[in-house]
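This report refers to the structure that appears directly beneath it.
Both backbone and side-chain heavy atoms feed into the values below; hydrogens, waters and symmetry mates do not.
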Amino acid sequence: MSQFTSRSGQVAGVAVVGALLLSGCGSEGPQGDKVSLHDRLPKAVRTAGVIRVGGSFTAAPVIFKNAQGQPDGLDVDLAAAMEKELGVRLEFEDAGPFANVLPGLFEKKYDIGMSGITDTRERQLGVDKNDQPINEGVDFVDYFMAGIGMVVSKGNPKKVAAIDDLCGRSVAVKKGTTHNDLVARQQKACEHTGKLLKMLETSADAEALELVRTGTAEVYVTDYPKAQHNATTIGEGKTYDLAGPQIQSRPFGIAVRKSDRELRDVLMKAMNALIRNGTYDELLAKRQLGAGAIQNSVVNGSQ
């Protein structure tokens, strides 16, 4: 992925293309008047006219940069649609590798994180896999369901079909992801079989896919939508294959700091407005991601 022109040294921004429209969607106020979602936004956001969105553009078809170097993907489509509901811009900022997204949110480099982030209990509570505190945790506004998939070389020469088939294999994962955690757990399970799993951590999909293409890694474990997209589009579908069924389906969520409950709740209402008016289904169909559609957006749906 190409980099944005630098802003604040490490983070750079670009506005999502979308109309700045005040929403007619809202609810009844105390006097019976309609309260728009725009009016429900925190005052600081209304004054700024923008919600800064941290993302890692390394996860096609959910979030990536297109041939023109512009933000693209499902997350970008949904953000543009939410602009019309909220009456403010949603401006994406490049967080670099995925592992930087949540730390950047805690450091207030942006207001929310939207980068195909899996909603997990650990991220909600701010704990590691051993339940040790590592940060203050985040809230999630869930908007999509996705499992984990495995990418292999065309023809699946090692006959990988299930998670246990990773034992004795070299496996590429993107650092800081739920797949990283899954493969680390499987690595320990493989120790008991005597067939060791070699885990290769990368910072981007392209790097992991190249490891599989060259034979350095035998499997790449990632989000199922990305696995499916890469297997069917790269090299006209002649370079990689999907191996086995989808594993452990969980929600993707917009990450919001725990202190920003007001913003969190308005974002949930905006997402539900898109679901009700049909825009949500249209955007998922555009990306061939309809299988991951949810019926309604909730906060912290992964418990």
Side-chain angles (χ1 to χ4, degrees), residues 1 11 16 51-65 71-79 82 90-129 134-149 173-182 202-205 221-227 229 247-258 260 263-264 267-268 270-271 280 283-284 287 289 292-294 297-303:
M1 299 294 178
V11 180
V16 175
I51 296 172
R52 299 169 300 152
V53 186
S56 176
F57 299 94
T58 60
V62 177
I63 183 168
F64 62 102
K65 288 189 190 168
D72 207 340
L74 176 65
D75 283 356
V76 178
D77 294 343
L78 288 171
M82 290 175 74
L90 271 73
E91 184 178 280
F92 274 87
E93 303 189 353
D94 192 348
F98 179 82
N100 292 352
V101 176
L102 291 183
L105 181 63
F106 295 132
E107 294 166 12
K108 299 189 176 180
K109 292 181 178 179
Y110 28 81
D111 303 306
I112 62 176
M114 194 171 184
S115 193
I117 307 170
T118 302
D119 173 358
T120 67
R121 168 188 170 275
E122 291 79 13
R123 286 171 175 162
Q124 292 174 24
L125 298 178
V127 298
D128 64 17
K129 52 183 171 291
I134 53 175
N135 56 52
E136 57 264 43
V138 296
D139 284 336
F140 286 101
V141 176
D142 295 340
Y143 63 92
F144 185 72
M145 290 294 293
I148 293 172
V173 292
K174 195 157 66 174
K175 190 174 182 179
T177 62
T178 54
H179 335 115
N180 198 164
D181 295 338
L182 174 69
T202 71
S203 60
D205 288 339
V221 177
T222 186
D223 291 319
Y224 191 85
K226 291 190 294 179
H229 176 81
I247 304 166
Q248 296 181 352
S249 187
R250 290 181 176 181
F252 282 177
I254 302 171
V256 186
R257 289 184 292 269
K258 293 283 188 183
D260 291 336
L263 175 60
R264 178 201 71 186
L267 292 174
M268 183 186 68
M271 188 63 68
Y280 174 81
L283 295 178
L284 265 63
R287 300 290 175 179
L289 293 172
I294 60 173
S297 177
V298 299
V299 171
N300 296 336
S302 181
Q303 297 291 344

**Prompt:** Distance from T120 atom OG1 to N300 atom CG, nearest 0.5 Å?
**Reply:** 10.0 Å
**Item:** Heavy-atom pair of closest approach, residues I112 and L267
**Value:** CG2-CD1, 3.9 Å
**Message:** Could you check whether any side-chain heavy atom of Q248 comes within less than 4.5 Å of a side-chain heavy atom of T118, counting everything from C-beta outward?
**Reply:** no
**Asked** Which atom names give the shortest non-hydrogen contact between V138 and A255, and what distance separates them?
**Response** CG2-CB, 4.3 Å
**Request:** State the OG1-CG distance between T202 and N180, to the nearest 0.5 angstrom.
**Result:** 9.0 Å
**K109 side chain to V101 backbone, donor-acceptor under 3.5 Å** = no
**Complete:** Which of Y224, F140, F144 passes ring pair (Phe, Tyr, Trp, His ring centres under 6.0 Å) with F252? It is F144
**Asked** If only atom types and distance count, is the side chain of N100 paired as donor or acceptor with the main-chain N or O of A95 below 3.5 Å?
**Response** yes
**Prompt:** Rounded to the nearest 0.5 Å, how far does CG of D119 lie from OG1 of T178?
**Reply:** 11.0 Å
**Fill in**
Heavy-atom closest pair (S56 atom, S115 atom, distance to 0.1 Å) is N-OG, 2.9 Å
**Message:** Quick check: closest heavy atoms across H229 and P61, and the distance to 0.1 Å?
**Reply:** CB-CD, 3.5 Å
**Prompt:** What distance separates L74 CG from Y143 OH, expressed to the nearest 0.5 Å?
**Reply:** 6.5 Å
**K175: salt bridge (charged side-chain N to carboxylate O under 4.0 Å, His left out) partners, not counting sequence neighbours** = none
**Asked** Which heavy atom in R52 sits nearest to a heavy atom in Y110, and how many Å separate them?
**Response** O-CB, 3.5 Å
**Prompt:** Within the distance-only criterion (no hydrogens, no angle test), does the side chain of H179 pair as donor or acceptor with the backbone N or O of K174 below 3.5 angstrom?
**Reply:** no
**Request:** May I ask you to decide whether D72 forms a salt bridge with R287, counting only side-chain N to carboxylate O separations under 4.0 Å?
**Result:** yes
**Donor-acceptor contact below 3.5 Å, side chain Y280 vs main chain I294** = yes
**Message:** Quick one: does any side-chain atom of D77 pair with a main-chain N or O of L283 as donor and acceptor, under 3.5 Å?
**Reply:** no
**S297 versus V141, closest heavy-atom pair with distance** = OG-CG1, 3.4 Å
**Prompt:** So do the side chains of E122 and D181 get within less than 4.5 Å of each other, counting heavy atoms only?
**Reply:** no
**Request:** Quick one: pull up CG in D75 and CE in M82 and give me the separation to the nearest 0.5 Å.
**Result:** 10.5 Å
**Message:** Restricting to salt bridge (charged side-chain N to carboxylate O under 4.0 Å, His left out), what partner residues turn up for R257, sequence neighbours left out?
**Reply:** D260
**Prompt:** At what distance, to the nearest 0.5 angstrom, does CD of Q124 lie from OG of S302?
**Reply:** 6.0 Å
